[in-house]
Number of protein chains: 2
Amino acid sequence: MATLPQAFAETSATTGSDATDSGPAWDVIELLFFAYRDFVSDPDRILGDYGFGRAHHRVLHFVNRQPGLTIAELLDILRITKQSLNRVLKELVEKGFIEQRAGVADRRQRLLFPTAKGRELAVALAGLQTERVTRALADAGPEARDAALRFLFAMIDPDDRTHVARLVWNDATTVPR
Amino acid sequence: MATLPQAFAETSATTGSDATDSGPAWDVIELLFFAYRDFVSDPDRILGDYGFGRAHHRVLHFVNRQPGLTIAELLDILRITKQSLNRVLKELVEKGFIEQRAGVADRRQRLLFPTAKGRELAVALAGLQTERVTRALADAGPEARDAALRFLFAMIDPDDRTHVARLVWNDATTVPR
DNA sequence: TCCGTTATGTCAGCCTTATTGACATATCTC
DNA sequence: GAGATATGTCAATAAGGCTGACATAACGGA
């Protein structure tokens, strides 16, 4: 299991796990920064080969995970403007990684689906990140997994948690209604 | 304590905590995305008032945490080019949030220090993020804290962990050598 | 059927944050 | 004194975001 520096244990023991107002949580803030910095850096090389960036990755990821996703749902997940989304989405469609189909019940909607090529790339990218995650979980000890997931989930805006929970844990694909 | 959806418990029970190659770790990947998305969004409003962006936040944060930081060290932490750093750093200096002093032993170095104003802003921004972190840790249960920290630490590139550990847990300020 | 609303697309312009490449200056070290 | 190092700077470019305005098609209720 991962060994943390002595100073870590001290801080941990001193402040305990209570949420006393003992100043900023520098350690958590910084570890989140560094963890995320390295986490998103993995896919970069592959993405470069296709002329894609991180924005494309995010779009492809969620379309792959929720086939039939609408533009509006995607905008809500990514929290960007439709103009920004449209640029990267257009490129993903042009290069054959994502397909659009008109909604069945509501034909104004454009439902987004990954192509075979799109699924492949999405899974390859997720694979890279999974390597890091898996190694980290192994490193952090068996009991860390649930705790880490609970922590990450609790970091999300309360209003959004139901929505996120549905995205993350419902395998049910978003099918044209 | 935070209640996770039924599906979470099922996945958790099914896959256990072993690192069997059971496909991409979609849940961890996505929770990291959502947690970080909301985590960095908190300071945005305040930053806007000063005409600053997230890049300024990162620079100010680490200078405040490591007074006497050199340009080279900052570049290594942020993983950006010196040109990118210089733009935001210049603005932070011009607006009186950061001061530069020549190194004592090596006068080529520019040591970076926060001003009183700089410390205030850095602490205010960290305070916002600490609120979220504290609430999340409380939500996730007392035993989650150490596990979450171990997980985040283990997500960092192995080569970088010693360096990060020094930054995060050594309270010793980086003093002009 | 008509009308207001909704889902999406698009044009134009702008900002922030990053990049590469080239070159300059001061200082350190041998 | 010579080469390496720490930093600064100019110029051009790209990626990814933004606001605002306007267009189109389809939905849905009166």
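In what follows, chains carry the letters A, B, and so on, assigned in the order in which the sequence lines appear, proteins first and then strands, with residues in each chain numbered from 1.
- Separation of atoms CG (B:Asp157) and CG (A:Asp38) is listed at 4.0 Å; rounding is to 0.5 Å.
- Phosphate contact (OP1/OP2 of C:dT16, side-chain N/O of B:His56, threshold under 4.0 Å): absent.
- If you walk DNA chain D from 5' to 3' and mark each nucleotide with an atom closer than 4.0 Å to a heavy atom of chain A, the marks span D:dG16 to D:dC27.
- Distance CG/B:Leu125 to CG/B:Asp42: 10.0 Å, rounded to 0.5 Å.
- Aromatic ring centres of A:Tyr36 and B:Phe39: separated by at least 6.0 Å.
- Taken over five-pair windows at either terminus, the axes of the helix from C:dT1-D:dA30 to C:dC30-D:dG1 are inclined to one another by 30° (rounded to 10 degrees).
- Between A:Ile80 and A:Leu75, the shortest heavy-atom contact is O-CD2, 3.6 Å.
- B:Gln100 comes within contact range of the sugar-phosphate backbone alone, with a heavy-atom separation under 4.0 Å but no base atom that close.
- Cation-pi contact between A:Arg101 and A:Phe113: present, with separation from the ring centre below 6.0 Å and deviation from the ring axis of at most 45°.
- With DNA chain C read from its 5' end, the first of the two nearest nucleotides for B:Val88 and A:Leu75 is the one closest to A:Leu75.
- Within the 4.0 Å cut-off from OP1 or OP2 of C:dT17, not a single side-chain nitrogen or oxygen of B:Ser84 is found.
- At least one cation-pi condition fails for B:Arg58 and A:Phe33: the charged atom is not both under 6.0 angstrom from the six-membered ring centre and inside a 45 degree cone around its axis.
- Looking at heavy-atom distances under 4.0 Å, A:Arg54 makes contact with sugar-phosphate atoms alone, never a base.
- Here the closest heavy-atom approach between residue B:Ala154 and residue A:Arg135 is recorded as O-NH2, 3.2 Å.
- Shortest non-hydrogen contact noted between A:Leu128 and A:Pro43 is CD1-CA, 4.0 Å.
- Under 4.0 angstrom from either OP1 or OP2 of C:dT19 there lies at least one side-chain N or O belonging to B:Thr81.
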Show each protein N/O and nucleotides 27-30 of chain C N/O combination with a separation under 3.5 Å, one pair to a line.
from	atom 1	to	atom 2	distance (Å)
C:dT27	OP1	B:Arg107	NH2	3.4
C:dT27	O2	B:Arg108	NH1	3.3
C:dC28	OP1	B:Arg107	N	3.1

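- Taking the six-membered ring for Trp and the full ring otherwise, the centers of A:Phe151 and B:Phe151 sit at least 6.0 Å from each other.
- Between the CG atom of B:Leu60 and the NZ atom of B:Lys95 there is a distance of 12.5 Å, given to the nearest 0.5 Å.
- A donor-acceptor contact shorter than 3.5 Å is absent between the side chain of B:Glu30 and the backbone of B:Asp27.
- A residue-by-residue look at B:Ile80 and A:Lys90 shows that A:Lys90 has its nearest nucleotide of DNA chain C further toward the 5' end.
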